[in-house]
Amino acid sequence: MNREQLSQKIIDTCLEMTRLGLNQGTAGNVSVRYQDGMLITPTGMPYEQMTIDSIVYVDNNGNYEEGKLPSSEWHFHLAVYKARNDVDAVVHNHALNCAAVSILEKSIPAIHYMIAVGGTDHIPCVPYATFGTHQLAEYVYQGIQTSKAILLAHHGLIAAEKNLDKALWLAHEVEVLASWYMKLLATGLPIPTLPAEEMKIVLEKFKSYGLRVEE
Ligand SMILES: C[C@H](O)[C@@H](O)[C@@H](O)C(=O)COP(=O)(O)O
Ligand SMILES: [Zn+2]
């Protein structure tokens with residue numbers, strides 16, 4: 001895809017993220033790897049107002065186009081691309097249940113085999129740091145190496161995948177997992193989790209599972 005097509009795809013992904021109930025207001029941001037950097041949503045702009053000209057190119061050194069302001073979270077988007085060669089798209093949101101679990105500063109354990117969507121047996125929660133900082137990007141850099149989906153304490157979710165469709169799909173799956181976990185926590189009962197051996201089997205099966213969003 002060329003820059004215009006990728007920019008339109010970013011906007012469509014943002015709008016779909018809101019339609020799925022995964023975000024609100026101007027929270028969240030979306031990027032794709034592009035040339036020697038990435039294309040990313042602008043800061044503080046409602047998704048409905050974005051045009052392809054609003055999307056900002058940021059190079060791998062953090063330089064961006066004059067007259068445009070990229071998302072305040074461009075540091076952590078670049079950190080994801082630096083940490084993982086196997087992903088080309090990043091979605092960040094403040095989805096209700098993901099944010100709720102992140103406020104508890106908890107990772108989501110293996111409550112359901114679908115926890116394997118991130119590539120490991122839990123969805124990690126990285127420590128809190130102020131939005132838009134190098135410290136937050138550093139926590140993201142560490143956490144995203146373990147899992148393609150991570151919670152940011154007292155903030156929200158990051159999901160990274162091969163393309164935007166897959167990244168949004170992953171974000172949606174993790175929000176469902178987070179909603180189950182919040183319901184389970186509310187019961188006050190002990191929460192059983194799947195054993196590590198079973199999760200190893202599921203993780204292996206997921207490598208060739210065919211019903212995930214096509215590339
Ligand atoms: C304060 C921001 O909303 C922050 O939470 C950021 O993480 C976010 O989600 C949206 O910021 P941008 O509009 O700068 O992408
Ligand atoms: Zn945010």
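When a ligand or atom number is given, it counts from 1 through the structure's own listing order.
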### Message
Using a 4.0 Å cut-off to any heavy atom of His94, which atoms of ligand 1 qualify?
### Response
5 (O), 7 (O), 8 (C), 9 (O)
### Query
Quick one: nearest non-hydrogen protein atom to atom 7 (O) of ligand 1, plus distance?
Glu73 OE2, 2.5 Å
### Message
Quick check: Pro42 and ligand 1, any N/O pair under 3.5 Å apart?
### Response
no
### Query
When you look at His77 and His92, which way does the side chain to side chain donor-acceptor pair (under 3.5 Å) test go after all the steps?
CA-CA 9 Å; His77 283 257; His92 163 58; over 6 Å; no
### Query
Under 4.5 Å between side-chain heavy atoms, hopping through other hydrophobics if needed: is there a path connecting Leu203 to Val117?
no
### Message
For the metal site, I want the angle between atom NE2 of His94 and atom NE2 of His155 with the Zn ion (ligand 2) at the apex, to 10°.
### Response
100°
### Task
Give the C-alpha distance, both sets of side-chain angles, the deciding distance and a yes or no for salt bridge (charged side-chain N to carboxylate O under 4.0 Å, His left out) between Asp165 and Lys9.
CA-CA 9 Å; Asp165 286 342; Lys9 186 70 188 170; 2.8 Å; yes
#### Entry: Whether Thr26 lies under 4.0 Å from ligand 1, heavy atom
yes
### Message
Given 3.5 Å as the limit, does a donor-acceptor pair link the side chain of Ser147 with the main chain of Ile150, or not?
### Response
no
### Query
Do any N or O atoms from the side chain of Glu175 and from the backbone of Cys98 form a donor-acceptor pair under 3.5 angstrom?
yes
### Message
Please determine whether side chain to side chain donor-acceptor pair (under 3.5 Å) holds for the pair Gln8 and Glu4, giving the CA-CA distance in whole Å, both sets of side-chain angles, and the decisive distance to 0.1 Å.
### Response
CA-CA 6 Å; Gln8 188 56 53; Glu4 285 69 33; over 6 Å; no
### Summary
Within 4.0 Å of some non-hydrogen atom of Ser71, the atoms of ligand 1 are 12 (P), 14 (O), 15 (O)
### Task
Any chance you could measure Leu104, atom CG, to Met182, atom CE, to the nearest 0.5 Å?
5.0 Å
### Nearest-neighbour protein heavy atom for atom 13 (O) of ligand 1, which is reported as residue plus atom name and distance
Gly44 N, 2.7 Å
### Query
Are any of the side-chain nitrogens in Lys200 or Glu197 under 4.0 Å away from the carboxylate oxygens of its partner?
no
### Task
Say whether Met45 and ligand 1 are in contact under the criterion: heavy-atom distance to a ligand atom below 4.0 Å.
no
#### Entry: Atoms in ligand 1 with a heavy atom of His92 nearer than 4.0 Å
7 (O), 9 (O)
### Query
Is there a path of hydrophobic side-chain contacts, each under 4.5 Å between heavy atoms of I, L, V, M, F, W or Y residues, that connects Val91 with Tyr47?
yes
### Check: Phe131 N/O within less than 3.5 Å of ligand 1 N/O
no
### Summary
the protein heavy atom lying closest to atom 11 (O) of ligand 1 turns out to be Ser72 OG, 3.4 Å
### Task
Could you list the atoms of ligand 1 found under 4.0 angstrom from a heavy atom of Asn29?
8 (C), 9 (O), 10 (C), 11 (O), 12 (P), 15 (O)
### Task
Considering the heavy atoms of His155, write down every atom of ligand 1 situated less than 4.0 Å from one of them.
5 (O), 7 (O)
### Query
To the nearest 0.1 Å, how far is atom 9 (O) of ligand 1 from its closest protein heavy atom, and which atom is that?
Gly28 N, 2.8 Å
### N or O contact, Thr41 vs ligand 1, cut-off under 3.5 Å
no
### Query
Do Leu22 and Leu177 sit in the same hydrophobic cluster, where Ile, Leu, Val, Met, Phe, Trp and Tyr count as joined when their side-chain heavy atoms come under 4.5 Å apart?
no
